[in-house]
Asks: 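Just passing along the structure, written as structure tokens.
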Amino acid sequence: MRPLTEDELRSSFVNASADELRLVALPADFMITDWDHLDFLAWRDPRTRGRGYLVAEIDGEPAGIVLRGAEGSSHARAALCNLCHTMQPADQVTMYTARKAGEAGAHGDSVGTYICADLSCHENVRLAPPLAPNEVRASVDLKIDGTRRRTEAFVGRVLETAGVRR
């Protein structure tokens, strides 16, 4: 991902109102972000419970979305993140929704998917779980590419409904 300034990051959000943009709390480590090793940037808002942010490059430009995490808990024992395809304990995967960009979002339309609750998909795909006997590990590069593609597709679903494609 190419390095972004604070202004570029704030202006990348496609589904946020002007008031919401003023409230965006940047990641604590934003100033020391290692952009060369990021496929996308995602973080939880430390000041607002249930709010998160995800910024991906779509057609070479940053596109950010504001996420809302569902409250409550699941009775399932395990759950799969739809972005990084990491199996997690159920309380570590949350349904996140994003208001669609443009007029569709103004009318309350949204899209949602299950994502790691702490939005750590970028790190999770780089962790190598221990192998079971006779297990073959898929390439980490393939997992990283898949996560990036699924993340871009999710952000794209927020954009495409408004004709905002970048």
Side-chain angles (χ1 to χ4, degrees), residues 1-16 20-21 23-70 74 78-99 101 110-131 135-160 165-166:
M1 191 168 181
R2 72 175 176 86
L4 299 174
T5 65
E6 181 177 343
D7 289 339
E8 289 173 319
L9 184 69
R10 287 184 187 280
S11 67
S12 75
F13 289 99
V14 297
N15 68 340
E20 287 174 317
L21 286 175
L23 298 175
V24 171
L26 296 180
D29 60 352
F30 179 73
M31 296 305 289
I32 58 170
T33 299
D34 188 1
W35 296 97
D36 291 335
H37 297 289
L38 283 181
D39 307 305
F40 56 90
L41 180 64
W43 73 99
R44 298 284 307 257
D45 190 322
R47 298 182 301 195
T48 307
R49 184 175 175 196
R51 184 180 294 166
Y53 307 99
L54 189 134
V55 180
E57 285 188 0
I58 306 294
D59 299 329
E61 293 296 321
I65 58 174
V66 177
L67 301 167
R68 288 281 181 190
S74 170
L80 180 74
C81 171
N82 287 332
L83 297 185
C84 66
H85 284 184
T86 301
M87 186 62 74
Q88 304 265 14
D91 64 345
Q92 293 180 22
V93 175
T94 299
M95 169 58 84
Y96 277 99
T97 58
R99 186 176 59 238
S110 63
V111 295
T113 194
Y114 288 96
I115 305 174
C116 294
D118 61 0
L119 299 174
S120 63
C121 300
H122 175 76
E123 290 89 14
N124 290 343
V125 295
R126 286 164 168 76
L127 298 175
L131 292 175
E135 183 180 12
V136 177
R137 186 185 330 259
S139 165
V140 172
D141 289 339
L142 290 176
K143 289 173 66 177
I144 292 168
D145 288 343
T147 300
R148 181 188 43 77
R149 280 193 322 275
R150 288 184 292 274
T151 301
E152 290 171 359
F154 180 64
V155 173
R157 286 176 44 209
V158 173
L159 292 170
E160 72 188 2
R165 294 299 291 182
R166 292 178 175 215

Asks: Distance-only, no hydrogens or angles: does the R44 side chain make a donor-acceptor pair with backbone N or O of A117 under 3.5 Å?
Replies: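 Yes.
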Asks: State the OG1-CG distance between T97 and L67, to the nearest 0.5 angstrom.
Replies: 7.5 Å
Asks: Do V55 and L4 come within less than 4.5 Å of each other through their side chains, counting heavy atoms only?
Replies: yes
Asks: Verify, without hydrogens or angle tests, whether E57 (side chain) and R2 (backbone) share a donor-acceptor contact under 3.5 angstrom.
Replies: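 Yes; at least one donor-acceptor contact below 3.5 Å.
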Asks: Answer whether the closest heavy-atom distance between the side chains of L54 and L83 falls below 4.5 Å.
Replies: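 Yes. Closest side-chain heavy atoms under 4.5 Å.
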Asks: Might you confirm whether atom CZ of R47 has over 12 heavy atoms from other residues, nucleotides or ligands at distances under 6.0 Å?
Replies: yes
Asks: If you round to the nearest 0.5 Å, how far is CG of L38 from CZ of R148?
Replies: 13.0 Å
Asks: Does the side chain of N124 come within less than 4.5 Å of Q88's, by heavy atoms?
Replies: yes
Asks: Between atom CZ of R126 and atom SG of C84, what is the distance when rounded to the nearest 0.5 Å?
Replies: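 Those atoms lie 11.0 Å apart.
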Asks: So, taking the atom named CD1 in I144 and the one named CZ in R149, what distance separates them when rounded to the nearest 0.5 Å?
Replies: 12.0 Å
Asks: What heavy-atom pair brings D45 and L23 nearest, and what distance separates the two atoms?
Replies: OD2-O, 3.9 Å
Asks: As a quick check of understanding, evaluate side chain to side chain contact (heavy atoms under 4.5 Å, CB included) for I65 and F154, giving each step before the final call.
Replies: CA-CA 10 Å; I65 58 174; F154 180 64; 3.6 Å; yes
Asks: Taking the side chain as C-beta and beyond, is there a heavy-atom pair between T113 and I115 under 4.5 Å?
Replies: yes
Asks: Give the intermediate values and the outcome of side chain to side chain contact (heavy atoms under 4.5 Å, CB included) for residues L127 and K143.
Replies: CA-CA 10 Å; L127 298 175; K143 289 173 66 177; over 6 Å; no
Asks: I need the L159 CG to E152 CD distance, nearest 0.5 Å.
Replies: 11.0 Å
Asks: Under 3.5 Å, side chain of H122 to main-chain N/O of H37, donor-acceptor pair present?
Replies: yes
Asks: F40 versus C121: any side-chain heavy-atom pair under 4.5 Å?
Replies: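 When only atoms from C-beta onward are counted, C121 and F40 do touch, with a gap below 4.5 Å.
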Asks: Testing the basics here: between E20 and N15, what is the closest heavy-atom pair and its distance to 0.1 Å?
Replies: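 So the minimum-distance heavy-atom pair works out to OE1-O, 3.8 Å.
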Asks: Less than 4.5 Å apart, any side-chain heavy atom of F30 and any of L9?
Replies: yes
Asks: Can you confirm whether Y96 sits close enough to L119 that some side-chain heavy atom of one is under 4.5 Å from a side-chain heavy atom of the other?
Replies: yes
Asks: Quick one: CE on M1 to CG on L41, what's the gap to the nearest 0.5 Å?
Replies: 5.5 Å
Asks: Grab the two heavy atoms, one from W43 and one from V24, that are nearest each other, plus how far apart they are.
Replies: CZ2-CG1, 4.2 Å
Asks: Check for a donor-acceptor pair, side chain of Q92 on one end and backbone N or O of P89 on the other, with a separation under 3.5 Å.
Replies: no
Asks: Are any non-hydrogen side-chain atoms of R99 and V66 less than 4.5 angstrom apart?
Replies: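 Counting from C-beta outward, R99 and V66 never come under 4.5 Å.
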Asks: Taking all non-hydrogen atoms of both residues into account, name the closest pair between I58 and A63 and its distance.
Replies: CG1-CB, 3.8 Å
